[in-house]
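Worksheet: one structure, shown below.
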Protein chains: 2
Amino acid sequence: MPMRLDQIDRKILAELQADGRMTNVELAKRVGISAPPCLRRVRTLEEAGYIKGYHAEVDARELGFEVQVFAMVGLASQAESDLTAFEDRCRAWPLVRECHMLNGEVDFILKCAAPDLSSFQRFLTGDLLTTHNVASVKTSLVIRVAKDDPGVSFDVLEERLAETA
Amino acid sequence: MPMRLDQIDRKILAELQADGRMTNVELAKRVGISAPPCLRRVRTLEEAGYIKGYHAEVDARELGFEVQVFAMVGLASQAESDLTAFEDRCRAWPLVRECHMLNGEVDFILKCAAPDLSSFQRFLTGDLLTTHNVASVKTSLVIRVAKDDPGVSFDVLEERLAETA
DNA sequence: GGTGAAACTTGGGACAG
DNA sequence: CTGTCCCAAGTTTCACC
């Protein structure tokens, strides 16, 4: 059900991605319509699934999560039931924030956030490496984050639409 | 300036991470205080940098971003000026959503979102691979996303505080 | 941290293009 | 079908205890 978005809808999505707590009147002003139709559009976008939720972005380090790690995981068996079994495990581990299935030599990449190295090591050796079917894990500590933008670039989207038109 | 957070502050952060558009009265009810002090706490948390922003989570695939890619980048020189030069480049590329500097064999991991494979290939061969000092790039397409939670786990934080106390 | 009151925002209804 | 105007209910945010 690919509902068509006009330029105003795309602007709404871009604005809410940048500032999800913007009031509806401010949003309406920015996209150039009055508040009621703007709110209707937002509700429609939410119900159609274009907006999946709203989240505060918290500072992990200030909160005491000193350690961020990317873990590249290879499985022994890539049968669909084994893949979903591993994904279910990842969803249950709170240290694992993201789990993406990849093509190529590595099967999954996990983004993890832990309070310190020792709690990550406990997770790695006690949980991840002892999980059935996990064949290899390579971990890389994040030294620093140079860029961490949410979602997608609406500039790229507008470019893409311009060249298709 | 590591301001101390009490249990109510942590609850506020957890709730706003889960639903950043929650009204202040609803938030106040959930954390067990009345609305005005709740709002004061939120403002303080924002100003102290614990909350860095609020964002709508948009559905990349429904918006026409079919392709998500992780790119592992190695540089020829890891001098600080060369590292920051590469980071500046990443911040300027809209297709690159995240750029993390890592320890180990690979220097950076990039998370990219592109409308289709050909526009990603154009970025890869035209921009990334032709950038001065980029020595190696390994890319992996995301087949599917099993988990994509924001920020950190407040369960882990509470556990950590309990065992330190 | 709580209370009360003013200003604003949300979200609906009636209506024009 | 989408935008505008208006209004009641609810929310934010102030001064004060």
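In what follows, every chain begins at residue 1, and chains take the letters A, B, ... in the order their sequences are listed. All figures in this text were calculated on a predicted structure; none of them were measured in a lab.
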Atom-to-atom span, [atom1] of [X] to [atom2] of [N] - whole angstrom:
{"X": "A:Asp9", "N": "D:dT2", "atom1": "CG", "atom2": "C1'", "answer": "12 Å"}
{"X": "A:Ile8", "N": "D:dC1", "atom1": "CD1", "atom2": "C1'", "answer": "13 Å"}
{"X": "A:Arg41", "N": "D:dG3", "atom1": "CZ", "atom2": "C1'", "answer": "9 Å"}

At 10 degrees resolution, what angle do the end axes of the helix from C:dG1-D:dC17 to C:dG17-D:dC1 form when each is taken over five base pairs?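 Axis-to-axis angle, ends of the helix: 30°.
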Would you call the rings of B:Phe108 and B:Phe86 parallel, tilted or perpendicular if under 30° counts as parallel and over 60° as perpendicular? tilted
Any A:Ser34 side-chain N or O less than 4.0 Å from OP1/OP2 of D:dT4: yes
A:Asn103 versus B:Ser140: any side-chain heavy-atom pair under 4.5 Å? yes
For the residue pair B:Asp155 / B:Ser153, report whether a side-chain donor-acceptor contact shorter than 3.5 Å exists.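 Looking only at side-chain atoms, B:Asp155 and B:Ser153 do not form any donor-acceptor pair under 3.5 Å.
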I'd like to know if [X] pairs up with [Y] as an ion pair, taking the criterion as any Lys NZ or Arg NE/NH1/NH2 lying under 4.0 Å from an Asp or Glu carboxylate oxygen.
{"X": "A:Glu47", "Y": "A:Arg43", "answer": "no"}
{"X": "A:Arg160", "Y": "B:Asp116", "answer": "yes"}
{"X": "A:Lys138", "Y": "A:Glu105", "answer": "no"}

Qualifying residues under salt bridge (Lys or Arg N to Asp or Glu O under 4.0 Å), relative to A:Asp82, sequence neighbours excluded: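 Testing A:Asp82 for salt bridge (Lys or Arg N to Asp or Glu O under 4.0 Å), a comparison that skips the adjacent residues, returns none.
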Please check: side-chain N/O of B:Arg21 versus main-chain N/O of A:Met22, any donor-acceptor pairing under 3.5 Å? yes
With B for base contact, S for sugar-phosphate-only contact and - for none (protein heavy atoms under 4.0 Å), nucleotides 10-17 of chain C reads SBB-----
